[in-house]
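On a predicted model such as this, the values are computed, not experimentally measured, just so you know. Just so we're on the same page: letters track the sequence lines, and every chain starts at 1.
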Number of protein chains: 2
Amino acid sequence: MPVPRSRRTQAERRATTRARILGSTAECLLERGYAATTISEVQERAGLARGTIQHHFPTRAALLVGAISHLVDSRIERFRAEAALVEDGPGKMQAVVDLVWRDLTSPVFFAALELWVAARTDADLRAALVPEEKRLFASMRELYAGTLGEPYTSDPRVDTLVEFTVDLLTGLSLATMLAPDGGARDAVLARWKRALAVLAGLLPAVELLDGPGTIGP
Amino acid sequence: MPVPRSRRTQAERRATTRARILGSTAECLLERGYAATTISEVQERAGLARGTIQHHFPTRAALLVGAISHLVDSRIERFRAEAALVEDGPGKMQAVVDLVWRDLTSPVFFAALELWVAARTDADLRAALVPEEKRLFASMRELYAGTLGEPYTSDPRVDTLVEFTVDLLTGLSLATMLAPDGGARDAVLARWKRALAVLAGLLPAVELLDGPGTIGP
């Protein structure tokens with residue numbers, strides 16, 4: 001039975017407003033940081049009445065919890081779209097490193113980082129964040145393995161190599177966040193791609209540092 | 001010519017008060033986070049008059065900038081003391097990984113992380129933090145290379161392996177900060193120690209995942 005037109009429109013409108021509020025929250029986290037992300041600031045950015053914000057999110061805490069799922073959804077969606085564009089071939093492992101790097105240096109990642117660090121000293125935020133981040137990691141790992149395809153998908157080393165890659169690129173993103181040095185950062189990325197090939201048994205160890213090039217075409 | 005007794009005492013007292021204020025600031029960053037680290041909060045923890053705090057640090061911004069050098073000094077000092085205890089032998093590379101891990105999961109690291117993330121959206125804090133972090137990284141790399149000794153010190157791959165290790169362990173520390181899973185975390189560390197041996201050409205790639213043990217005694 002079709003949903004009456006007027007009711008669907010109301011639900012749609014509600015969803016649009018909610019998305020607009022959460023989009024403004026993410027933008028505020030990115031540009032101003034966690035401490036400055038208040039209901040007033042979000043209200044101003046979203047161009048909505050305070051009552052409208054509070055109807056959807058009665059407290060600042062509720063708003064920040066809402067932002068968590070919104071950010072996780074955006075990251076998964078974007079990653080899925082980009083992963084679909086990776087072409088088959090021997091350069092696939094390197095292409096996945098690039099995908100991870102784009103995620104871990106995206107505006108959405110830096111907005112999420114604000115919540116992640118704040119959650120260390122905020123038990124309520126942490127309780128909301130931990131399951132959502134588990135959902136993110138599970139989705140991403142599945143996408144990485146799927147993008148790599150065989151023989152990697154069934155290679156028991158791949159999970160470890162994915163874990164290494166995500167951890168290493170997270171650290172590199174943080175280290176270069178405040179004072180970007182594109183050259184040094186690109187060299188680390190190129191070397192990590194070589195290191196992955198060494199760890200997967202595709203290259204001998206001695207070739208690890210032979211110039212900044214990548215493996216494969 | 002000896003400094004008059006009364007003047008030295010005053011300088012000493014000044015340094016002690018300053019260290020006490022900065023210690024309380026670090027403690028507050030660790031326990032309450034960046035947003036809650038205000039002059040009032042630090043004053044209460046340090047048990048000093050507001051005027052005393054403001055004599056040393058006229059603004060909250062000055063206090064946070066002061067905390068940066070204090071945290072960097074603590075990390076270098078502690079690392080130096082621990083590095084001196086590393087015994088010679090084939091397990092040295094693994095011992096350095098453990099040193100890095102202890103630093104990147106120490107209270108001082110998490111206090112510094114608060115400032116690091118806040119500096120992304122605070123230009124003044126960033127300007128003060130970037131040179132201090134450069135000092136930290138330079139000291140640590142020198143200590144890592146010195147601790148490893150020959151033949152590693154003069155191996156051009158060591159810089160890259162140190163960079164990989166610091167970045168990977170930073171990411172792992174962040175990933176496990178909110179929901180510690182000791183078993184999973186220890187497995188990644190043990191595997192990274194094996195991976196380093198593979199990358200240094202000491203182990204064939206296929207042995208990367210042979211159980212959670214470490215290389216060497």
Side-chain angles (χ1 to χ4, degrees), chain A residues 29-36 104 110 113-114 116-122 125-127 129-131 133-134 137 155-157 159-161 163-179 184 187-188 191-192 194-195 197-206 208-209, chain B residues 29-36 104 110 113-114 116-122 125-127 129-131 133-134 137 155-157 159-161 163-179 184 187-188 191-192 194-195 197-206 208-209:
Chain A
L29 284 167
L30 176 69
E31 289 173 14
R32 303 276 324 273
Y34 175 79
L104 293 175
F110 291 117
L113 179 65
E114 295 287 327
W116 188 262
V117 171
R120 193 183 61 79
T121 52
D122 181 330
L125 193 59
R126 189 163 63 241
L129 209 155
V130 168
E133 288 288 326
K134 278 200 179 136
F137 289 144
D155 186 329
R157 289 176 302 186
D159 256 1
T160 298
L161 297 183
E163 168 91 40
F164 284 171
T165 300
V166 173
D167 288 344
L168 196 153
L169 270 50
T170 300
L172 183 62
S173 174
L174 244 82
T176 56
M177 173 174 92
L178 299 188
V188 176
R191 283 171 180 172
W192 178 245
R194 284 187 172 264
V198 172
L199 293 173
L202 303 174
L203 261 191
V206 75
L208 177 59
L209 298 183
Chain B
L29 284 167
L30 176 70
E31 289 173 13
R32 303 276 324 274
Y34 175 78
L104 294 175
F110 291 117
L113 179 65
E114 295 288 327
W116 188 261
V117 171
R120 194 183 61 79
T121 52
D122 181 330
L125 193 60
R126 190 163 62 241
L129 208 155
V130 168
E133 288 288 328
K134 277 198 180 136
F137 289 144
D155 185 329
R157 289 175 302 185
D159 256 2
T160 298
L161 297 183
E163 168 90 42
F164 285 171
T165 300
V166 173
D167 288 345
L168 196 152
L169 269 50
T170 299
L172 183 62
S173 175
L174 243 83
T176 56
M177 173 175 92
L178 299 188
V188 176
R191 283 171 179 171
W192 178 245
R194 285 187 171 265
V198 172
L199 293 173
L202 303 174
L203 262 190
V206 75
L208 178 59
L209 297 182

For chain B, the option from A/T170, A/L113, A/L174 that forms the most heavy-atom pairs under 4.5 Å: A/L174
Part of A/V188 lying under 4.5 Å from any heavy atom of chain B: both
Toward chain B, the part of A/L169 with a non-hydrogen atom under 4.5 Å: neither
How close do B/D167 and A/A175 get, heavy atom to heavy atom, and via which atoms? OD1-CB, 4.2 Å
Quick check: closest heavy atoms across B/E114 and A/V117, and the distance to 0.1 Å? OE2-CG1, 3.6 Å
Contacts of B/A118 that satisfy side chain to side chain contact (heavy atoms under 4.5 Å, CB included) - sequence neighbours left out: B/Y34, B/L125
Inter-residue atom distance [X].[atom1] - [Y].[atom2], 0.5 Å rounding:
X: A/E133; Y: B/L178; atom1: CD; atom2: CG; result: 8.0 Å
X: A/L199; Y: B/R191; atom1: CG; atom2: CZ; result: 12.5 Å
X: A/E31; Y: B/R120; atom1: CD; atom2: CZ; result: 9.5 Å

Parallel, tilted or perpendicular, judged at 30° and 60°: which one describes the rings of B/W192 and A/F164? perpendicular
Option among B/L172, B/T165, B/L168 that satisfies the side-chain contact (heavy atoms from CB on, under 4.5 Å) test with A/L168: B/L168
Only counting residues at least two apart or in another chain, list the ones meeting side chain to side chain donor-acceptor pair (under 3.5 Å) with B/R126. none
